[in-house]
Amino acid sequence: KTQESIGINLDKVLDNPGGAHDLILKEGDVISIPQEMQTVRVRGEVLYPSTIRYSKDLKLRDFVSNAGGFTDNALRRKSYVIYPNGSAEKSASFFGIKNYPSVLPGSEIIIPSRPEKRKLTPGEITSIAIGLATLGNLIINITR
């Protein structure tokens, strides 16, 4: 049997039973309340993946800096935070302004890597060139 975490806000559930934040449990479901940790784990495309002591004054970029900073292969705009309750929030950008998610004690910051760029093979380049030449020839013949 596979196990899957579902992030909930237990305070909201307890404040309003049967409300929008409530979750119906089935037989075999387990509620796990993790202890509050005083650290934040940073992993992925950082120079020194590590666990850093939490401070409310630090933002996501500060935690990444404390882990050595981003690697050259980091996909910064896709970084995200996994919260202790199992939910996650990704970075967002609006007109070039980056908005990084907040970090809570016990969170885990993930910096994904850029996908590897595949170079075109000589055969693919030849096929594209022939296709463009044929298209150009077709356009010239149509416009005559």
From Asn16 CG over to Asp11 CG, what is the distance, rounded to the nearest 0.5 angstrom?
12.5 Å
So do Leu60 and Ile109 actually touch side chain to side chain, heavy atoms under 4.5 Å?
yes
Determine whether more than 12 heavy atoms belonging to other residues, nucleotides or ligands lie under 6.0 Å from atom CG of Asp72.
no
So, does Ser113 use its side chain to make a donor-acceptor pair with the main chain of Asn73 at under 3.5 Å?
no
Nearest atoms (heavy-atom pairs only) where Pro101 meets Tyr83:
CB-OH, 3.7 Å
Ignoring hydrogens, what is the shortest heavy-atom contact between Asp29 and Lys26? Give both atom names and the distance.
OD2-N, 2.6 Å
For the OG atom of Ser50 and the CZ atom of Arg43, what is their distance to the nearest 0.5 Å?
12.5 Å
Determine, step by step, whether Tyr100 and Arg61 satisfy the side-chain contact (heavy atoms from CB on, under 4.5 Å) criterion, reporting the C-alpha distance in whole Å, the side-chain angles of both residues, the deciding distance to 0.1 Å, and the verdict.
CA-CA 8 Å; Tyr100 292 104; Arg61 288 186 65 100; 3.1 Å; yes
Check whether Leu138 and Ile130 end up in the same hydrophobic cluster, where Ile, Leu, Val, Met, Phe, Trp and Tyr are linked by side-chain heavy atoms less than 4.5 Å apart.
no
Can you spot which of Val42, Val46, Ile52, Val40 makes a side-chain contact (heavy atoms from CB on, under 4.5 Å) with Asn66?
Ile52
For Pro112 and Glu45, which heavy atoms make the closest approach, and how far apart are they?
O-CG, 3.6 Å
Enter the distance from Asn137:CG to Ile142:CD1 here, rounded to the nearest 0.5 Å.
10.0 Å
In terms of hydrophobic clusters joined by side-chain contacts under 4.5 Å, are Leu14 and Leu23 together?
yes
Please give me the minimum heavy-atom distance between Phe63 and Arg53, naming the atom from each residue.
CE2-O, 3.9 Å
For the side-chain contact (heavy atoms from CB on, under 4.5 Å) test, which of Thr39, Val81, Ile82 pairs with Ser107?
Val81
Please answer: with hydrophobic residues joined when any side-chain heavy atoms are less than 4.5 Å apart, are Tyr54 and Ile111 in the same cluster?
yes
Hydrophobic clustering (ILVMFWY, side-chain heavy atoms < 4.5 Å, transitive) - are Leu58 and Phe70 grouped together?
yes
Judged by atom type as modelled, is there a donor-acceptor pair below 3.5 Å linking the side chain of Thr143 to the main-chain atoms of Ile139?
yes
